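So the structure is just underneath, and the comments pick up after that.
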Amino acid sequence: MRRPFVPIDAALLRAVSPGWAGALRAVDDGPLDFAAAARQHADYARALVQAGVAVTVLPADPRQPDCCFIEDTAVVVGRHALATRPGAATRRGEVSPVVDALVSVGCIVHRMGPPATLEGGDVLRVGDVLYVGLSQRTNRAGVEALAAVAALEGLVVKPVELGDAMHLKGGVTLADADTAVVDADVVDPAQVAGWGLSVIEAAEPVGANVLALGRGRVLVPAEAPATAERLRRRGLAVRTVEGAALHRADGRLTCLSLRLPRPGGWCA
Ligand code: CIR
């Protein structure tokens, strides 16, 4: 069954932690700027609201520096959701409050246990398929845990070998239902084309992570102007949002929200 691609109906966000200084990052380029990160997070929330998304911002946890990257803590599949066991062990304490929030919006929440690990940044939905990165953060047992939940909604899971990349969606995201933006250093564009998608190569590495809002609208990092231009030339309505302070802790646009589609459809 092929469900329609629909606009994002609602999104759960989580505020930037007062412990932001301790966020995980691949490269330490000096102290992180909490005020700038909080401002950019608020701009992102505003952009979603202006796009018609019902946004709920959960409170931050001072003990969880990475808690604003809420996408990694759960995967929503129709009425079901899988609470993840993040591959980054220091992030496992982020999950419980997100489970409570998902239950309160009516999701049936499933759990995964060791040795499985999975982070939502590795899960890309394309129609009735979930592509899942085998990455630094997600292992085969994690993919199997997600496959069991996905099957409840008639979806299939396909693993994608990523080598040393952190997350699949650092290298490929959807700009709309059938157009992907790809960083060729992370994911082979020919492989993505094989998923039935039209491919745009990102001109900047952070440009590979965009957020499809539905109805041809796409949120793009302001730090990826050439990628934004390529998307405009494809006829997409681009809105940009600044994210440099969040990028310094390896955060991207999709990881700042858990999205729920309009009923009966799917969204990015
Ligand atoms: C981490 O390393 O886990 C965080 N500092 C960044 C997580 C970004 N998540 C995502 O892109 N889905």
Side-chain angles (χ1 to χ4, degrees), residues 11-34 36-38 40-41 44 48 58 60-76 81-95 98 117-125 130-139 142 146 160 162 164-174 181-183 185-187 202 204-212 219-221 223-224 241 243-259 267-268:
L12 294 177
L13 278 60
R14 195 157 183 202
V16 178
S17 174
W20 175 245
L24 296 174
R25 50 192 168 146
V27 178
D28 185 341
D29 61 352
L32 293 174
D33 184 340
F34 169 79
Q40 290 172 0
H41 187 271
Y44 174 86
L48 292 185
L58 306 179
D61 182 339
R63 297 157 306 172
Q64 296 293 335
D66 287 291
C67 69
C68 63
F69 304 125
I70 189 171
E71 172 178 64
D72 292 324
T73 60
V75 180
V76 178
L82 175 66
T84 68
R85 182 168 178 271
T90 56
R91 298 193 55 194
R92 291 184 188 150
E94 296 173 26
V95 177
V98 180
T117 65
L118 181 135
E119 294 186 4
D122 271 314
V123 182
L124 177 73
R125 182 166 179 172
L130 299 178
Y131 292 96
V132 187
L134 285 166
S135 67
Q136 289 175 6
R137 303 291 180 87
T138 295
N139 63 18
L146 180 59
V160 181
L162 281 185
D164 198 34
M166 183 170 84
H167 286 139
L168 177 65
K169 280 189 286 198
V172 54
T173 50
L174 292 185
V181 190
V182 177
D183 177 354
D185 287 338
V186 180
V187 185
E204 302 90 354
V206 294
N209 186 281
V210 301
L211 180 57
L219 198 59
V220 178
E223 296 76 13
V241 64
L246 298 157
H247 298 163
R248 291 183 57 213
D250 303 323
R252 300 287 182 264
L253 288 181
T254 61
C255 61
L256 295 173
S257 59
L258 267 179
R259 283 104 30 211
C267 66

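This chain uses plain numbering: 1 for the first residue, then up along the sequence. None of these values were measured; they are calculated from a predicted model. Numbering of ligands and ligand atoms starts at 1, following listing order.
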Exercise. Going from CD on Glu119 to CZ on Phe69, what distance comes out if it is rounded to the nearest 0.5 angstrom?
Worked result: 11.5 Å

Exercise. For atom 10 (C) of ligand 1, which protein heavy atom lies nearest, and how many Å away is it?
Worked result: Cys255 CB, 2.8 Å

Exercise. For residues Arg137 and Ser135, is any side-chain donor paired with an opposing acceptor at under 3.5 Å?
Worked result: no

Exercise. Just heavy atoms, cut-off under 4.0 Å: does Lys169 contact ligand 1 by side chain, backbone, both, or neither?
Worked result: neither

For this session: Nearest 0.5 Å please: distance from the CG atom of Leu58 over to the CG atom of Asp61.
Result: 11.5 Å

For this session: Give yes if a backbone or side-chain nitrogen or oxygen of Ala249 is under 3.5 Å from a nitrogen or oxygen of ligand 1, and no if not.
Result: yes

For this session: Take Arg252 and Glu71 through the test salt bridge (charged side-chain N to carboxylate O under 4.0 Å, His left out) and record every step on the way to the result.
Result: CA-CA 10 Å; Arg252 300 287 182 264; Glu71 172 178 64; over 6 Å; no

Exercise. What atoms of ligand 1 come closer than 4.0 angstrom to any heavy atom of Asp66?
Worked result: 4 (C), 5 (N)

Exercise. Looking only at protein heavy atoms, which one is nearest to atom 8 (C) of ligand 1, and how far off is it?
Worked result: Asp250 O, 3.4 Å

Exercise. What are the atoms of ligand 1, with element, lying closer than 4.0 Å to any heavy atom of Glu71?
Worked result: 12 (N)

For this session: Would you confirm whether Asp250, through its side chain, and Ala26, through its main-chain N or O, come within 3.5 Å as a donor-acceptor pair?
Result: yes

For this session: Return the option from Arg252, Arg91, Arg137 holding the heavy atom at the smallest distance from atom 7 (C) of ligand 1.
Result: Arg91

For this session: Identify, by atom number and element, the atoms of ligand 1 in contact range of His167, meaning under 4.0 Å from any of its heavy atoms.
Result: 9 (N), 10 (C), 11 (O), 12 (N)

Exercise. Has ligand 1 got any nitrogen or oxygen that is less than 3.5 angstrom from a nitrogen or oxygen of Leu24?
Worked result: yes

Problem set entry | Among Arg92, Arg14, Arg85, Arg91, salt bridge (charged side-chain N to carboxylate O under 4.0 Å, His left out) partner for Asp72 | Arg91

Problem set entry | Protein residue, atom and distance nearest to atom 9 (N) of ligand 1, heavy-atom basis | Asp72 OD2, 2.8 Å

Exercise. Is it the case that Asn209 and Thr254 place a side-chain donor and acceptor less than 3.5 Å from each other?
Worked result: yes

